[in-house]
Amino acid sequence: MQLPYFEVEVPMRNTEAPKTRGLHIFTGRADTPSAAVRIAHEVYDAARAASEAGLEIPHGRPDGWGACGYRPGWDLDWPAATAYPWMNPYRWTKPHPFEL
């Protein structure tokens, strides 16, 4: 059985313009919401370390988690991170308000 897919939402703020805020999203499989947050944090830390060392950011761990990039100048608020089961808004089984 495959593990459920989670969306991890992490509030962030720009260090140069502290009033500029956002939300960073990670997705991947985990057995619990807390595990999803832990794995997302590991992926972020690996992306940050690689970027700061001038190396390629690691894409796609064996468990499916990965990062596509790293944006310096943004602080992520990991204690405020939340994880939810991910629901694909574009899945074909979802009822649509229009005919296909």
Side-chain angles (χ1 to χ4, degrees):
M1 182 171 98
Q2 286 191 345
L3 295 174
Y5 217 81
F6 283 91
E7 176 176 314
V8 177
E9 299 178 353
V10 187
M12 62 183 187
R13 69 173 181 83
N14 188 304
T15 58
E16 294 177 12
K19 291 184 179 181
T20 305
R21 298 183 178 277
L23 194 63
H24 196 91
I25 308 293
F26 297 86
T27 59
R29 295 189 184 278
D31 55 356
T32 65
S34 60
V37 171
R38 178 185 51 77
I39 296 167
H41 199 166
E42 289 172 5
V43 166
Y44 172 80
D45 288 345
R48 181 177 183 168
S51 178
E52 290 174 351
L55 302 172
E56 182 178 343
I57 292 174
H59 299 287
R61 295 173 10 157
D63 59 7
W65 291 82
C68 295
Y70 169 72
R71 184 179 290 174
W74 286 86
D75 280 338
L76 276 66
D77 184 1
W78 287 101
T82 56
Y84 307 94
W86 185 73
M87 299 297 285
N88 181 352
Y90 303 107
R91 66 186 161 108
W92 290 108
T93 58
K94 182 179 180 179
H96 294 282
F98 53 88
E99 290 188 35
L100 297 176

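Residues A47 and A67 share a closest heavy-atom pair of CB-CB, 3.8 Å. The minimum heavy-atom distance linking A81 with V37 is given by the pair CB-CG1, 4.0 Å. Smallest separation of non-hydrogen atoms from L3 and A30: CB-O, 3.7 Å.
Side-chain atoms of D75 and D77, non-hydrogen and from C-beta on, never get closer than 4.5 Å to each other.
Remark: the backbone N or O of R29 is paired with a side-chain donor or acceptor of W65 at under 3.5 angstrom. Under a 3.5 Å cut-off, the side chain of T27 and the backbone N or O of E7 do not form any donor-acceptor pair.
Under the 4.5 Å side-chain heavy-atom criterion for Ile, Leu, Val, Met, Phe, Trp and Tyr, F6 and I39 are members of distinct hydrophobic clusters.
Residues forming a side chain to side chain contact (heavy atoms under 4.5 Å, CB included) with A53 (at least two apart in sequence, or on another chain): L55. Taking the side chain to side chain contact (heavy atoms under 4.5 Å, CB included) definition, one finds that R21 meets it with R13, sequence neighbours left out.
Judged as a ring pair (Phe, Tyr, Trp, His ring centres under 6.0 Å), the pairs with a partner in residues 11-51 (not counting sequence neighbours) are, in order, H24-F26, F26-W78, H41-W78, Y44-Y70, Y44-W78.
Within a 6.0 Å radius of CD in E56, no more than 12 heavy atoms belonging to other residues, nucleotides or ligands are found. Sparse packing is recorded around CZ of R71, with 12 or fewer heavy atoms of other residues, nucleotides or ligands lying under 6.0 Å away.
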